[in-house]
Amino acid sequence: MYLAKIYVTHKPSILDPQGEAVKNALHRLNYTSIESISQGKFFEVNINADSKEAAIKVVESICKDLLVNQNMETYSYEVEEG
């Protein structure tokens with residue numbers, strides 16, 4: 001069994017209105033040292049695979065097929081035996 005932690009964020013060239021709204025709200029609460037916030041998605045996926053390489057193939061596939069809008073988002077992940 002492997003645990004994949006998948007992080008999905010907007011590409012740097014894409015406007016992130018939710019991140020901007022959170023930043024503005026924090027500034028109103030006097031957290032003025034916050035310069036930027038990027039809002040994204042986080043997934044934890046348990047994968048029953050024979051090897052870490054097989055689990056990584058599953059992660060790449062599900063990111064491309066469903067979890068990530070490749071026109072607007074980018075992703076990274078960690079896969080660990082669990």
Side-chain angles (χ1 to χ4, degrees):
M1 185 71 72
Y2 292 88
L3 173 65
K5 297 177 181 176
I6 303 169
Y7 309 91
V8 180
T9 59
H10 289 93
K11 289 182 176 178
S13 60
I14 300 296
L15 183 64
D16 180 3
Q18 289 179 319
E20 193 65 26
V22 171
K23 183 187 83 175
N24 291 337
L26 288 171
H27 283 180
R28 286 192 301 275
L29 295 171
N30 290 324
Y31 292 100
T32 55
S33 62
I34 305 297
E35 292 192 21
S36 67
I37 294 179
S38 178
Q39 188 267 336
K41 300 179 276 189
F42 173 70
F43 301 94
E44 281 190 349
V45 183
N46 289 303
I47 303 168
N48 187 8
D50 293 334
S51 66
K52 185 173 182 177
E53 290 74 24
I56 288 171
K57 285 183 182 180
V58 171
V59 169
E60 289 284 343
S61 183
I62 63 175
C63 286
K64 291 175 183 167
D65 288 345
L66 181 67
L67 300 181
V68 178
N69 177 341
Q70 300 213 15
N71 293 325
M72 300 174 54
E73 298 172 325
T74 186
Y75 65 97
S76 62
Y77 56 83
E78 303 165 16
V79 176
E80 57 191 49
E81 198 166 2

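Values reported hereafter were calculated over all heavy atoms of this structure, with side chains retained and with hydrogens, waters and symmetry mates removed. This chain uses plain numbering: 1 for the first residue, then up along the sequence. This is a predicted model, so every value here is computed, not measured.
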Where Ala49 and Ala55 come nearest, the two heavy atoms and their spacing: CB-N, 3.8 Å
Evaluate the side-chain proximity of Val59 to Val45: yes if any heavy-atom separation is below 4.5 Å, no if none is. no
Taking the side chain as every heavy atom from C-beta outward, state whether Ile6 and Val8 have any pair of such atoms under 4.5 Å apart. yes
Rounded distance [0.5 Å steps], OH in Tyr2 versus CG in Asn46: 13.0 Å
When rounded to the nearest 0.5 angstrom, what distance separates CD in Glu80 from NZ in Lys52? 8.5 Å
Members sharing Met1's hydrophobic cluster (side chains within less than 4.5 Å): none
Checking one residue: Ile14. Which other hydrophobic residues are in its cluster under the side-chain 4.5 Å linking rule? Met72
Pairs satisfying salt bridge (Lys or Arg N to Asp or Glu O under 4.0 Å), at least one member in residues 35-50, at least two apart: Lys41-Glu73
First locate atom CD1 of Ile47, then atom CD1 of Ile62, and finally report the distance between them rounded to the nearest 0.5 Å. 5.5 Å
Return each pair, listed once, that meets side-chain hydrogen bond (donor to acceptor under 3.5 Å, both in side chains) where at least one residue sits in residues 6-19; pairs must be two or more places apart or across chains. Tyr7-Glu78, Gln18-Gln39
If hydrophobic residues (ILVMFWY) are linked whenever their side-chain heavy atoms come closer than 4.5 Å, directly or via other members, who joins Leu3 in its cluster? none
For Leu15, the other hydrophobic cluster members (4.5 Å side-chain criterion, sorted by chain and number) are none
Which atom names give the shortest non-hydrogen contact between Val79 and Ala4, and what distance separates them? CG2-CB, 4.1 Å
Residues which pass side chain to side chain contact (heavy atoms under 4.5 Å, CB included) with Ala25, listed by chain and number, not counting sequence neighbours: Arg28
Rounded distance (nearest 0.5 Å) linking atom CG of Leu26 with atom CD1 of Ile37: 4.5 Å
Can you name the side chain to side chain contact (heavy atoms under 4.5 Å, CB included) partners of Thr32, sequence neighbours left out? none
So side-chain hydrogen bond (donor to acceptor under 3.5 Å, both in side chains) across residues 58-72, not counting sequence neighbours, yields Glu60-Tyr75, Glu60-Tyr77, Ser61-Asp65
Are more than 12 heavy atoms, taken from residues, nucleotides or ligands other than Phe42, located less than 6.0 Å from that residue's CZ atom? yes
